[in-house]
Amino acid sequence: MLEIQQLRKEMPQVVEGLLRREYTFDEATFSELEAERKSLQVRTEELQATRNAASKQIGILKSQGQDTSGVMAEVAGVGDALKANEVALSALQDRLNSFLRQIPNIPRADVPAGKSADENIEVRRWGAVRSFDFAPKDHTDIGEVLKGIDFETATKLSGARFSVLRGQVARLHRAIAQFMLDTHTEQHGYTEVYVPYMVGPESADGVSSLAKFKDDLFKIEGRDLYLIPTAEYPVTNFVRDTIVDAKELPLKFACHSPCFRSEAGSYGKDTRGMIRQHQFDKVELVQIITPEKSTEAHEELTTHAEAILQKLELPYRKMLLCTGDMGFASAKTYDLEVWLPAQNAYREISSCSNFEAFQARRMMARFKNGAGKTELLHTVNGSGLAVGRTLVAILENYQDGDGSVSIPTALQPYMGGLSKIGAV
RNA sequence: GGAGAGGUGGCAGAGUGGUCGAAUGCACCGGACUCGAAAUCCGGCAUACCGGUCUCCGGUAUCGUGGGUUCGAAUCCCACCCUCUCCGCCA
């Protein structure tokens, strides 16, 4: 959510900033709502003040045993007018609020303008892409040879976009998550957290726009709960409606959780394999910090995600997303894309964003600054990394042609010392 | 699932129709005392929003949430949510 003060005072800059991400700000509706809000609010508060003064007067008179009928007659008409104004004001504030909550964040000045992922900018590449002396299989075929990925059973259980993992592949999947969590907690200073996998609407609307994106979420039948599409939802909401002591900052959390996404609108995309699933695991990194630290924290958090790829020796590139490819709440996003030999392409494996105060304003997440004033926090988060896609990347990049797959050195301790898993 | 208790400021806790945004204590921040600290004393100390002649003044709202009664609600009524205790069931 944008700051309403900013809209009142710096409208041209806001309009221009949003236009860079192809969002046309509806100035006419805004000024209309604002004008109406102002007159209603002023009128309502005047009536309330009148009523309060009269009521106080009645209280004083009664305590002195004096007659109150005069004052009573004076306020007699106030009640109905006040009620009408209050109802109208609250309806209008609801409208204004939902209007504001569906406006996306303003991209930072250093975010390139662009319409789609094609216009993202490559910041750098890391790692040498391996050349194979055989035709590399994709992870689906490798999984089949290893008898480790079973889409058929998953489909029987739950339909499309689910997977069943077995044996050493299932173990590898677990090892990857453990390795990531350990790295972030032991080397990057994050606190491990375990969280609910369902959240209420306030939490969902705190980090994104529930009104806009509820179709992407799975809702629990008969309950006002949503399955989380990322641990960002519960973890960021730790600070919703709270004022954090500046001494406790920065808050750095690492969370391994499953993620559930309906993938509405992605029909026909990545239908083969486990690239795009309704359920996948992810280790999420979240930092909650003061405004002046968020730029630095965002860069730092991205390197924490990169560190995982480097330790696993997986080639990747770091992309600066253009305005058109950024998420609703983000002011600036880096994507990390891992090399997948079977696709002969880099594919997203992490997304690291700086939301500045956008989520904090939605959540009323604040801190007391040095001067003792409350100020909105900044939030930064990123995947460190998507576990399922990391599994895919390892299977494909570490395949050995005979159907076996080598285990990256960093993961071997998590695999009971195994250096290779072979065909069953 | 059954029975009961309760939700008040950062925390503890008083307040059961009127000058209550709310006593008191703790915590916290200033100041005094002190060589310094502790103790003590003095003062300050919620949040959000609105208006204006906008480093200041004025106003409004908020005592779990939403409605109701009333000139006036933390206080009375209704509904809902949540927490705790006991019993039952259960991984």
Side-chain angles (χ1 to χ4, degrees), chain A residues 1-10 30-101 194-206 210 219-220 222-226 234 237-249 251 288 357-377:
Chain A
M1 186 161 58
L2 303 179
E3 189 189 1
I4 192 153
Q5 306 293 353
Q6 194 187 3
L7 290 174
R8 290 178 190 143
K9 291 182 200 144
E10 302 165 19
F30 176 71
S31 12
E32 204 177 298
L33 289 172
E34 251 299 276
E36 209 180 325
R37 187 230 93 223
K38 186 163 172 173
S39 78
L40 267 176
Q41 182 162 356
V42 168
R43 182 71 191 131
T44 304
E45 292 187 357
E46 274 170 8
L47 288 169
Q48 286 171 329
T50 304
R51 181 206 56 196
N52 290 349
S55 297
K56 197 167 202 170
Q57 190 58 30
I58 291 168
I60 293 167
L61 289 174
K62 283 218 167 165
S63 72
Q64 296 168 345
Q66 296 187 42
D67 175 55
T68 59
S69 56
V71 193
M72 295 279 249
E74 264 174 58
V75 278
V78 174
D80 288 344
L82 180 56
K83 190 90 218 162
N85 272 275
E86 280 176 343
V87 168
L89 177 62
S90 125
L92 194 94
Q93 272 167 340
D94 285 350
R95 275 173 66 200
L96 189 57
N97 207 26
S98 22
F99 175 83
L100 291 174
R101 289 185 90 86
Y194 169 84
V195 298
Y197 300 151
M198 302 174 204
V199 296
E202 301 84 1
S203 294
D205 205 59
L210 186 58
K219 186 168 192 298
I220 305 299
R223 298 289 301 267
D224 214 0
L225 287 172
Y226 298 85
N237 275 281
F238 283 6
V239 292
R240 175 158 51 86
D241 294 323
T242 59
I243 299 175
V244 182
D245 194 325
K247 280 174 244 164
E248 291 172 42
L249 300 172
L251 295 172
I288 292 158
F358 190 85
Q359 295 181 325
R361 195 170 295 112
R362 295 177 153 256
M363 294 189 298
M364 287 297 276
R366 295 154 296 167
F367 73 103
K368 277 230 190 291
N369 67 19
K373 296 272 282 177
T374 56
E375 207 180 325
L376 288 166
L377 287 158

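Convention: sequence-line order gives letters A, B, ...; per-chain numbering from 1.
Taking atom P on both nucleotides, B:rA23 is separated from B:rC45 by 11 Å, rounded to a whole Å. Rounded to whole Å, the C1' atom of B:rG9 lies 14 Å from the corresponding atom of B:rG15. Taking atom C1' on both nucleotides, B:rU24 is separated from B:rA14 by 7 Å, rounded to a whole Å. Taking the C1' atoms as reference points, B:rG66 lies 38 Å from B:rC56, given to the whole Å. For the C1' atoms, the distance from B:rA79 to B:rG43 is 46 Å, rounded to whole Å. On the P atoms, B:rU65 is 43 Å away from B:rA37, given to the nearest whole Å. B:rG72 and B:rU62 have their P atoms separated by 13 Å, with the value rounded to a whole Å. The separation of B:rA48 from B:rG21, taken at their C1' atoms, amounts to 13 Å, rounded to a whole angstrom.
Judged purely by distance below 3.5 Å, without hydrogens or angles, the side chains of A:E10 and A:Q5 never pair a donor atom with an acceptor atom.
Across all strands shown, B:rA37 forms no Watson-Crick or G-U wobble pair with both distances under 3.5 Å. Taking a pair to require two hydrogen-bonding distances under 3.5 Å in either a Watson-Crick or a G-U wobble arrangement, B:rG88 remains unpaired. If you check B:rA27 for Watson-Crick or wobble pairing at under 3.5 angstrom, you find it has no partner at all. Pairing for B:rC56 goes to B:rG52, judged as Watson-Crick or G-U wobble with the two contacts each under 3.5 Å. Within the shown strands, B:rG6 is the pairing partner of B:rC82 under the Watson-Crick or G-U definition, both distances less than 3.5 Å. Across all strands shown, B:rA61 pairs with B:rU47; the Watson-Crick or G-U wobble distances both stay below 3.5 Å. Nucleotide B:rU75: unpaired (no Watson-Crick or G-U wobble partner with both distances less than 3.5 Å).
For the OP1/OP2 pair of B:rG18 and a distance below 4.0 Å, the side-chain nitrogens and oxygens of A:N52 include no atom meeting the criterion. Using a 4.0 Å cut-off, some side-chain N or O of A:K83 falls inside it from OP1 or OP2 of B:rG68. Here A:R51 does not reach the OP1 or OP2 of B:rG18: none of its side-chain N or O atoms lies under 4.0 Å away. OP1 or OP2 of B:rC71 has not a single side-chain nitrogen or oxygen of A:T50 nearer than 4.0 Å.
Here the CE-CZ distance, from A:M1 to A:F358, works out to 8.5 Å after rounding to the nearest 0.5 Å. To the nearest 0.5 Å, the span separating CG on A:L40 from CD on A:E86 amounts to 11.0 Å. Taken from CE in A:M363 to CG in A:L377, the straight-line distance is 7.5 Å, to the nearest 0.5 Å.
Note on A:A49: only backbone sugar-phosphate atoms sit closer than 4.0 angstrom, heavy atoms only; bases stay farther off. The residue A:D245 sits apart from the nucleic acid: no heavy atom pair falls under 4.0 Å. The residue A:Q5 sits close only to the backbone: its heavy atoms come under 4.0 Å of sugar-phosphate atoms, none of a base. Note on A:R43: nothing from the nucleic acid sits closer than 4.0 angstrom, heavy atoms only. Residue-level contact check: A:T374 touches the backbone only, with heavy atoms under 4.0 Å from sugar-phosphate atoms and none from bases.
When rounded to the nearest whole Å, the span between CD1 of A:I60 and C1' of B:rC20 equals 13 Å. In this structure, the CD1 atom of A:I58 is 8 Å from the P atom of B:rG72, given to the nearest Å. Note: CD (A:E36) to C1' (B:rC50) measures 16 Å, nearest angstrom. Residue A:D241 contributes atom CG, which lies 12 Å from atom P of B:rG10 at whole-angstrom precision. One atom, CZ of A:R37, and another, C1' of B:rC50, lie 6 Å apart when rounded to the nearest Å. To the nearest angstrom, C1' of B:rC49 lies 12 Å from CG of A:N97. With rounding to whole Å, A:L92 atom CG is found 17 Å from B:rC49 atom P. Taking atom CD on A:Q48 and atom P on B:rU62, their separation rounds to 8 Å, with Å as the unit.
Not one N or O on the side chain of A:R366 forms a donor-acceptor pair closer than 3.5 Å with the backbone of A:T374.
Mapping A:E86 and A:R366 onto RNA chain B by nearest heavy atom places A:R366 closer to the 5' end of the strand. Annotation: of the two residues near RNA chain B, A:K368 and A:G59, the 5′-most nearest-nucleotide partner is A:G59.
For A:Q41, the listed nucleotide lying nearest its side chain is B:rC49; candidates were B:rU60, B:rC49, B:rG51.
Screening A:V87, A:T44, A:T50 against A:L82 for a side-chain contact (heavy atoms from CB on, under 4.5 Å) leaves a single residue, A:T44.
Side-chain atoms of A:K56 and base atoms of B:rG18 include no donor and acceptor less than 3.5 Å apart.
In this structure, the side chains of A:R240 and A:M364 stay at 4.5 Å or more apart for every pair of heavy atoms.
Contact detail for A:E248 and A:L251: the closest heavy-atom pair is O-CD2, 3.5 Å.
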